[in-house]
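Chain letters run A, B, ... following the sequence lines, proteins first, then strands; residues in each count from 1.
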Amino acid sequence: MVGGLVFGSPAWMPERIEETFEKKGDGSETAEGKVAEEVKDRTGLVALLRKVRLPRTSQLTPAVIDQVRDAGEKPVLSLVYNGLPTQPEFALPGALVRLAMEEVHLGLMTIQRGVMARRTILALDRHDFAVGAYRKWRKIFRKESEARAGVRMLLNRYPQGDPTMLAKKLFGAKLLPGNLPTRVGRVIVDPVSCWAIGRYLRTGQVFTERPVQVFVQAEEHTEPRLVMGHIGERLTEFCKRYKVEVEGKQVIINGMLAGKQVDIEGTRIEAATESIAIREPAEPEKAAACLSCGWCVDVCLTRLTPVHLMQLVEYIDADRNMAEVPGLLRGKAARESLYCIGCGLCTYVCPTRLPLMAQTLHLRNRVTTALQSDPAGEESDEP
Amino acid sequence: MSRELGLPGARMAEPAKNLPPERHGEAPFLVWPVSRREFYRTICIAIAPALIWGAALFGARAMAMIVLAIAGTTGMHFLLKRGLKWQRAQCLLYMHGLVSVLMLVALALPSWPIWVVTGCALLLPLMLVAVGGPGRERIHIAVAVALAVQYVLLPNLQAATYTGKGDAVLARDRLFMGDIRDQDKSVKAGARWARSRELSGNDAQVFPRPAVMAAEALDAISALVPAPPAKGGMTELSPEDASKIRRVAEQAISYDLPAMDRFMAGVAPNRVGAASLIAITAAGLYLSYRYILRPRSVLFFVATFIVATYAVAVTPPAVARMGLANLWKVFALIPGEMMTLANFMLLSSDAGFAAVFVLALPGAEPLTARGRKVFLVVAAVAAAGLHRLDPAAPAATLMLCLMMPLAPVFDRLLGQRSWLHRA
């Protein structure tokens, strides 16, 4: 293991995006299928994004509108189209290129014109089924004289799709987890945002629905599906609409490695809901003592030592060490948890099933709280 | 290497007990299907060919050692865990116990009394319970027991038990079956691999360890380096000295040491699991494929050991007498022979065994890359020095075992920060 894990191509590719309701247009005059005239600068782009009603559409990539606002008048060195799947089982980026290339391209061109980046980079998965996407992109860009785009075929060593890892791979830039890419002079956009903008420009439809990947574990082999989900729709209605049985099942949204388990009754489809996985509640495995095998350290792409962070937070949380806690939380060792990108690989590979990521993120929360509650306090270099 | 994630449905990790309830059900919701059991089972599979070759080369005693040791540990494990249902013994993992006993047997010499090895195997589960099971060992129990048997137990039992036979290998027609203690001293080790009829009907051919023979030759060569003149300054090699040195080297290579091809094939005395370099190499490749072993660690350790072994081939007093510049003259005089002697020192050491099997054991090296590099350099240099001083000792295994409790110290002192630091 040399940082990250290569999972290979997802073993599925949808032939279509299933929909159970008709598309609605709002009669917008810009529904001409080309870049809107008013998008000449960032202000125009922000105005368009407001019309589209486009918030954050990916669990990892920040909202385009937030990035553009944060960029202000500062130069943007690169606009990056993040065509890498954010979770190993996701086929969404490749599927959108196969099924809705015109919308995606139109959206990207619109963002490119508004952001006015010096160059555009398409980061694609080398092993993607839609590696033909490379040819598609090249074909389209040959026609577009304004397209100053380069294509980078990257080996998708998960979590390469994370903006922090993407910025490092493409530019050698250090983008802290959770920070906007504009902090390092870049704008990163995800395929769904591009698709939503392009669809608005072609059909006038604002962003009220989005493609959602559905994974169902069933007795008979069930293929994953790509379906259209209504933003704000209850998960129960969504599952009923697509005839997915959820009674007594475990529901996980946004990926098996970095997603979260939700209660089916109280959850709705959101703008950033990329996937829904439904399975039988899994039998938990008991965690055991750390073997010191070092796998968690080997796979961590930000070069943390997850097991040490876990041991530190357990020490901090133990009631007998209260006096040391403030110093420990400000210490060098605890502050390493701020660099965790939450990919889940450490816990995934751990043979003793330790909750490494959960504990690291717990430590991160405590460190963040400690630093925020006393911003004037000095950060300690003590371990 | 890619991993198919497939559809959701694999086992879910259970959070630690001190996490608040709302944290239950946190990501990831899949785990790599390699638990502790598969981890240790992989090591067992890797070590098996080396033990099988040891059983072939050293015969019925080695075979009995392996079988009885496994049976002993297995019986004790199930007695403690299932039979007596001892609460403390519930931490035991059978595969971990099996790896431990196989390591114990692999480090045993074939001439050891079988009852000693079997007794240790019976006690192994109890020792593992005492430390708390897998992951709680500060030092690998099995390796420590093997070293304790060699350096503490057997020397004290010499009067009471039969440990007097020297190193040997079975005749080529007595593989698996022969008794390693039924030895014939008449056939020289450097000669061909004899059959039992050439050994007057005995099963085994006496065979001093190549490392010992090579070290003796190198010591003799070092001793032949003349003393400095009374007035001081460096010495020069006279034609007579050169001739003596050449003779010593040729004697060792032609008559005392085995043929290199036979040696590389694994026909040389050694510990039960360390005789076959081919089996050890295959195990290393398999363990690397399964991510148990880090190839960089192995290569780093072995490369450092090689350099350090060559560096101490000629003893430090001799180097001090000649001077480093003149040391080259000795190598230039008999380069091939010196390389051959150093190679025998190297290849008949336990560096390969330790680099593959000891480093494969979890916790044997630091977790961080920088800590690991320094740790391995220190261990390899120390091991090479010890091997030169006592060629019969399992130097690399001993050094790695002794340094294992210091691995967290190396991490603490040398662990690097995230590359996002100072972002």
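Arg353(A) is listed as a side-chain neighbour of Ser35(B), based on a closest heavy-atom distance under 4.5 Å. At a threshold of 4.5 Å between non-hydrogen side-chain atoms, the residues Leu176(A) and Leu420(B) count as touching.
To the nearest 0.5 angstrom, Tyr291(B) atom OH is 6.5 Å from Leu5(A) atom CG. Once rounded to the nearest 0.5 Å, the distance linking CD of Glu89(A) with CG of Leu30(B) reads 7.0 Å. Taken from OG1 in Thr368(B) to CZ in Arg303(A), the straight-line distance is 10.5 Å, to the nearest 0.5 Å. Taken from CZ in Arg138(B) to OG in Ser292(A), the straight-line distance is 8.0 Å, to the nearest 0.5 Å. Here the CZ-NE2 distance, from Arg412(B) to His308(A), works out to 10.0 Å after rounding to the nearest 0.5 Å. Between Arg417(B) atom CZ and Thr302(A) atom OG1 the span is 12.5 Å, to the nearest 0.5 Å.
Enclosure of atom NZ in Lys81(B) by more than 12 non-hydrogen atoms of other residues, nucleotides or ligands within 6.0 angstrom is indicated. More than 12 heavy atoms of other residues, nucleotides or ligands lie within 6.0 Å of NZ in Lys249(A), so this atom counts as buried by the packing criterion. A 6.0 Å sphere centred on CZ of Arg366(A) holds more than 12 heavy atoms belonging to other residues, nucleotides or ligands.
Closest approach of Ser418(B) to Tyr339(A), counting heavy atoms only: CB-CD1, 3.5 Å. When all heavy atoms are compared, the tightest approach of Pro134(B) to Ala289(A) is O-CB, 3.9 Å. The two residues Gly344(A) and Pro28(B) come nearest to each other via the heavy atoms O-CG, 3.5 Å.
Ring orientation note: the planes of Trp295(A) and Phe39(B) are tilted relative to one another, at an angle of 30° to 60°.
Heavy atoms of Val307(A) lying under 4.5 Å from chain B belong exclusively to its side chain. Residue contact with chain B, scored on non-hydrogen atoms closer than 4.5 Å, involves the side chain of Thr305(A) exclusively. The parts of Cys293(A) that come within reach of chain B are both its backbone and its side chain, each placing non-hydrogen atoms under 4.5 angstrom from that chain.
By the 4.0 Å N-to-carboxylate-O rule, Lys260(A) lies too far from Glu26(B) to be salt-bridged with it. Salt-bridge check for Asp298(A) with Arg372(B): passed, with a basic side-chain N closer than 4.0 Å to an acidic carboxylate O.
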Legend entry - Intermediate values then yes/no, side chain to side chain contact (heavy atoms under 4.5 Å, CB included), Leu291(A) and Tyr40(B): CA-CA 11 Å; Leu291(A) 295 180; Tyr40(B) 286 113; 3.4 Å; yes
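Ranked by heavy-atom pairs under 4.5 Å with chain A, the list Arg294(B), Glu365(B), Gln416(B), Glu137(B) is led by Arg294(B).
The cationic group of Lys174(A) does not satisfy the cation-pi geometry with Trp419(B), failing either the under 6.0 Å distance to the six-membered ring centre or the 45° limit from the ring axis.
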